[in-house]
Amino acid sequence: MSKFTEYIGSQFGNPRGFVGKICCVLMNIINKAMYRNTVSVMKISSDENMLDIGYGNGYLLKCVYKKTKANLYGIDISEDMKIQATKRNRKTLSDGKLFLDVGDCCDLKYSDDFFKAVTSINTVYFWEDTVKGLSEIYRTLKSGGSFYNVVYTKEWLDKLSYTEKGFKKYEPEELVRFGRTAGFENIQVKDIVKGKSFVVIYTKIKRDSSL
C-alpha cells in the first residue's frame, strides 16, 4: 500500500483541506444510491430532530431537509467539513433548523431521548469503539426512533486499495450483534445494492409507560 493510497484512505475517514473537499464530492457521487435509500425510508416530521453522524459536506442533510423540514443536527470530526456543510445548507441555517458540531459519535453531547432519527453513511468503519457509539445513539434516540447505519459490504471494500488500512470492515451479523449489545432489540438488515451495500436499521422499542 503506497503512502498516497494510505493518505487518500485517511481523507475518507477525516476529510480536510482541498483534497478532503474533492473526496467528499466523489463520495456524493459514489454514494447516491445510499442517500436515496436513506431519505426514502426515513420517517420524521418537521417538528422532530434528526442527527447525521459524519455529515461531510452536508449533502445528505440537504436532501433530508428538502423532504422533511425537520430540525437537523450533525456531528463530524472535521472542522473543514463543518464549514462546507454550513455553506451547502444555508437555507436550513437561515430557517433556524441546522445545528452542526465537531466531535466524536462515541461521546454525544445531546440529551437522552432527543432524536427521532439518526443516520450514518459510511462512517462506522472509523469509529474507535463500535458498541460505545451504538450505545450513545441508543441513549439519544427517542422511543420508536431509528438509526440508519448505511455501509458497503466487506466484500466490496476488500476490492478497494485505499481501504487496506484504517477501515474496519463488517459483516451484517457483526453489526447486528453489536447493536444488541448496545440495547437495540429491533434490528433489520436490508440490501441497497445486493453484494455491494446495505443498511442496518436499529429501532428503539417503545415501552409502555404505564408498566
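The figures here come from the full heavy-atom set of this structure, side chains too, leaving out hydrogens, waters and symmetry mates. Positions are given from 1 along the sequence.
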Side chain to side chain, V118 and L141, heavy atoms closer than 4.5 Å: yes
Output yes when R139 and E136 qualify as a salt bridge under the 4.0 Å nitrogen-oxygen rule, no when they do not. yes
Which heavy atom in T203 sits nearest to a heavy atom in S146, and how many Å separate them? OG1-OG, 2.7 Å
Given side chains that start at C-beta, do those of Y152 and L160 come closer than 4.5 Å, heavy atoms only? no
Please indicate whether K169 has more than 12 foreign heavy atoms, meaning atoms of other residues, nucleotides or ligands, lying under 6.0 Å from its NZ. yes
Report, as yes or no, whether the 6.0 Å neighbourhood of atom CD on E155 holds more than 12 heavy atoms from other residues, nucleotides or ligands. no
Please check if atom NZ in K196 has more than 12 non-hydrogen atoms from other residues, nucleotides or ligands closer than 6.0 Å. yes
Rounding to 0.5 Å, atoms CG (L60) and CD1 (I121) come to a distance of 5.5 Å
Is it the case that over 12 heavy atoms from other parts of the model lie below 6.0 angstrom from the NZ atom of K67? yes
Give the minimum heavy-atom separation between G195 and T153, together with the two atoms involved. O-OG1, 3.1 Å
Spell out, as yes or no, whether a donor-acceptor pair under 3.5 Å connects the side chain of D76 to the backbone of Y55. yes
For V124 and V151, the nearest pair of non-hydrogen atoms, with its separation, is CG1-CG1, 3.4 Å
Partners meeting ring pair (Phe, Tyr, Trp, His ring centres under 6.0 Å) with F184 (sequence neighbours left out): Y138, Y202
Say whether, by atom type as modelled, one donor and one acceptor occur between the side chain of T140 and the main chain of F114 under 3.5 angstrom. no
Heavy-atom check, side chain of T86 versus side chain of L100, under 4.5 Å: yes
Test side chain to side chain contact (heavy atoms under 4.5 Å, CB included) on I137 and I53 and set out the steps. CA-CA 10 Å; I137 291 166; I53 294 171; 3.5 Å; yes
State, with a plain yes or no, whether a side-chain heavy atom of V150 is found less than 4.5 Å away from one of T119. no
Look up atom OG in S120 and atom CD1 in I75, then write down how far apart they are to the nearest 0.5 Å. 12.0 Å
The reported gap from NZ in K62 to NZ in K91 (rounded to nearest 0.5 angstrom) is 11.0 Å
Shortest non-hydrogen separation from G54 to T123 and the atoms involved: CA-CG2, 3.9 Å
Where does the angle between the aromatic ring planes of Y110 and Y73 fall among parallel (under 30°), tilted (30 to 60°) and perpendicular (over 60°)? perpendicular
Taking atom NZ as the centre, does K168 end up with more than 12 heavy-atom neighbours from other residues, nucleotides or ligands that are less than 6.0 angstrom away? yes
Sole residue of L175, I201, V176 in side chain to side chain contact (heavy atoms under 4.5 Å, CB included) with V189: V176
Minimum side-chain heavy-atom gap M42-M50 below 4.5 Å: yes
Looking at CZ of F198 and CD of E171, how far apart are the two atoms once the value is rounded to the nearest 0.5 Å? 7.5 Å
Distance in Å, F115 CZ paired with F147 CZ, rounded so as to fall on 0.5 Å steps: 12.0 Å
Do S78 and D80 get their side chains close enough for a donor-acceptor pair, meaning under 3.5 Å? no
Are C105 and W127 close enough that some pair of their side-chain heavy atoms sits under 4.5 Å apart? yes
Once you round to the nearest 0.5 Å, how far does OG1 of T92 lie from CG of L98? 5.5 Å
So is K69 actually on top of Y65's ring, under 6.0 Å and inside 45° of the axis? yes
Is K97 atom NZ crowded by more than 12 heavy atoms from other residues, nucleotides or ligands, each under 6.0 Å away? yes
Any R88 side-chain heavy atom under 4.5 Å of L61 side chain: no
How about N149 and Y170: does a side-chain donor come under 3.5 Å of a side-chain acceptor? no
Minimum heavy-atom distance between D129 and K132, given as atom pair plus value: OD1-N, 3.0 Å
Shortest non-hydrogen pair, V131 vs A182, comes out as O-CB, 4.0 Å
Measure the shortest side-chain to side-chain distance between V199 and V41 over non-hydrogen atoms and say whether it is less than 4.5 angstrom. no
